[in-house]
Number of protein chains: 2
Amino acid sequence: MGIPATAKIDRKSYEPAYAQLAKILKRQISDGIYRPGDRLPSEAKLCEAYDVSPMTVRRVVNMLVEQGVAVAEQGRGTFVKPLGLGTAVFHLDALQQFFDDAENTRVKLLETRIVSADERTARKLSISQNQRVVFIRRLISQNGIPSLYHREYLIYDPERPIIEAEMEVTSLRGLFSGASESTLKWGNLLIEATILRDEEARVLNSQSGAAAFRLEHIFYDFDNQPLSLGWFISPGDRLHFKTSVGIQE
Amino acid sequence: MGIPATAKIDRKSYEPAYAQLAKILKRQISDGIYRPGDRLPSEAKLCEAYDVSPMTVRRVVNMLVEQGVAVAEQGRGTFVKPLGLGTAVFHLDALQQFFDDAENTRVKLLETRIVSADERTARKLSISQNQRVVFIRRLISQNGIPSLYHREYLIYDPERPIIEAEMEVTSLRGLFSGASESTLKWGNLLIEATILRDEEARVLNSQSGAAAFRLEHIFYDFDNQPLSLGWFISPGDRLHFKTSVGIQE
DNA sequence: AAGTGGTCTAGACCACTAT
DNA sequence: TAGTGGTCTAGACCACTTT
C-alpha cells in the first residue's frame, strides 16, 4: 500500500515525535495535499508510515482535533475540517500584557472607601442591600497613557479583613498572571461594547461617547461565595483583540 | 503511604477512566482539598491509588494543565494553579449561534457590485489599486431584528469565477460552522469596540453613535493569497461574550 | 468481516529537581 | 540517589461504520 510519508521523524531531535508528526500532517494539509473534507490516512497507516506506536499517533490526532484542524469519526476515519469562524477564540492575554512589563505599567489607586451596597451590587454579590462593601477605583497606565479604568466592589467581612484579597488585587498583576496565591476559585466574565460616560472619559483622558470595551467580572471564593464584582473599561482605540482561524503558514 | 482516593473509578461506567479521574481531581481542588500552590499527588501515587496505568494518569494531568487548572514542572511535581485572568478565552461561537437556528435567522443580500479597489482595500488584499473587486453588503436578522451588518470585498478573478466562494459566503452559514467545503485555508481576525456610523445605524435600525463590536476578517486561500476582506458589525446591546475562569462548580 | 477511531495496559527510558 | 514529570512502545480490547 502506498503511504505518503513525505517527511521522516528525526528520533535524535529534541522535538518530540508527536510534535514532529503533528507538524508534518498540518504541513500536508496546509500544502493542499489533504483538502477540507478529505480523509486522513488511518491511524494504522500512520503508525506504519512513520514508524511510531499507536499511542503516539493517537496523541497527534487528538491534537489536530483539539486545534480544530480535523474531526475524527469513530468507525469512519479522520477528516480535514474546513475553516470555521465559530471555532475562533480570542485570548484575554491582550489585557494581561498591560501588566507584563512592570517597567512601563503603573497602577494608581484612585479611591478606596466603604459604602452601602446598592440594589444591583447587592443582588450580584448575593448580599443584602445596604450591607457594607469596599469600593475601589484604580487606573492602569501604560507609558503614561491611561489605558484601563477599574472599579470594584469587594465583600467587606469585619471578621476576616480583606487585606489578602485586596493586596493582590491592588497590583492586579497576580490576578492576571495567575502567579500569586489566591482565595479566588472561579469567576464569570462578560465582555461588552460600550460608550465612555463622562466620568470614565475624564479619568481615562478620553472623550465622552467614545467607543470602549467593558469587561465585567464576578469572582467567587472556595465557598462559592461572591467576593468581588467589578468592571474594567478600556477605550476602543487603546485595546483590540487579534486571533486567527485555520492553518496559518 | 496514605493516599487520598476519595472516590473510585467505575470500570463499568460508560464514562472513560481518564474522564472520571479528571473529574475527581478537579472536584478535590474545587473542594479546597488541594489549594492553589499545593502539589498534587505524584503520578505514581495516582496510579496506585486509582489503579490505572501511567499513561492514563498522564493524560489526565495533561488535561488539567491544558484547562489551566494545574501546572506541571518536570522533576518537581504538578501544582494547582491560582485563578488567572490572562488565561481566559472568549469563543466566537456566540456569533455562530446567530446562524445555528436557521429557523429564525435570515441573511439578506443588500448589494453586490463590482468596484475598483481603493487604497486600503488594495493594500490589505495585496492587489493593485483600482483593480476590480466584488463588494457585498449583507444584513443578518434574528427574529426580525437586524443584528449583524456585513461588508466584504472579494477578489474578482475573471479566470475563476468566485461563484464557489460567494455561494458559501452568501449564506455565511458554512463559514461559521465549518461545515461546507471551503477554498479558504486560514484567516486573521481583529475585534474592536467602535461606534455606529450613520449608514450602519440606518441599516441596523439603531442609533448613530451607539456602541458596537466590529470584527474585521481577512481570509486566505490555499495559495496564501488574500481572497476576502470584510467587517461584521453588531450593536453592543445585541451581542456580548461570556466566559469563565477557574474551576466552576 | 474488515477497517476505523477510542481507551487502556504495564512497562521502558529519559530529563530534570531536590536531598 | 531518589523522586518527579515527559515521551514512547507494542500490543490489547472495545464500539462503530462500511462492505
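The basis for the numbers below is simple: all heavy atoms, side chains too, and nothing from hydrogens, waters or symmetry mates. So that the names make sense, note that chain A is the first sequence line, chain B the second, and so on, each numbered from 1.
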So what does [X] touch, heavy atoms closer than 4.0 Å: a base, only the sugar-phosphate, or nothing?
X	result
B:Ala44	nothing
B:Asn62	nothing
B:Val52	sugar-phosphate

Report yes if a side-chain nitrogen or oxygen of [X] is closer than 4.0 Å to either non-bridging phosphate oxygen (OP1 or OP2) of [N]; otherwise report no.
X	N	value
B:Arg11	C:dT9	yes
B:Thr78	D:dG5	yes
A:Lys45	C:dG3	no
A:Ser42	C:dT4	yes
A:Tyr18	D:dC8	no

* For atom CG of B:Asp10 and atom C1' of C:dT7, their distance in whole Å ->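 Atom CG in B:Asp10 sits about 15 Å away from atom C1' in C:dT7.
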* To do: May I have all residue pairs that pass side chain to side chain donor-acceptor pair (under 3.5 Å) and include part of residues 61-70 of chain B, sequence neighbours excluded?
  =>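 Qualifying pairs, neighbours excluded: B:Lys26-B:Gln67.
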* Structure fact -> Its contact letters, B for base, S for sugar-phosphate only and - for none at protein heavy atoms under 4.0 Å, make nucleotides 11-19 of chain D read B---BBSS-
Using distance only, find each side-chain donor-acceptor pair of residues 186-193 of chain A under 3.5 Å and give its atom names and separation, not counting sequence neighbours.
from: A:Trp186; atom 1: NE1; to: A:Asn224; atom 2: OD1; distance (Å): 3.1
from: A:Glu192; atom 1: OE1; to: A:Arg214; atom 2: NE; distance (Å): 3.3
from: A:Glu192; atom 1: OE1; to: A:Arg214; atom 2: NH2; distance (Å): 3.3

* Structure fact -> So OH of B:Tyr50 and CD of B:Gln20: to nearest 0.5 Å the spacing works out to 11.5 Å
* Partners passing salt bridge (Lys or Arg N to Asp or Glu O under 4.0 Å) against B:Lys242 (at least two apart in sequence or in another chain) -> none
* Asked: Which residues satisfy the side chain to side chain donor-acceptor pair (under 3.5 Å) test with A:Asn104, sequence neighbours excluded?
  -> A:Asp101
* To do: Any salt bridge (charged side-chain N to carboxylate O under 4.0 Å, His left out) involving residues 11-20 of chain A? Give me the pairs, sequence neighbours left out, ordered by first then second residue.
  => A:Glu15-A:Lys23
* First of B:Glu73 and A:Asp51 reached from the 5' end of DNA chain D, by closest nucleotide ->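 The 5'-side residue here is B:Glu73.
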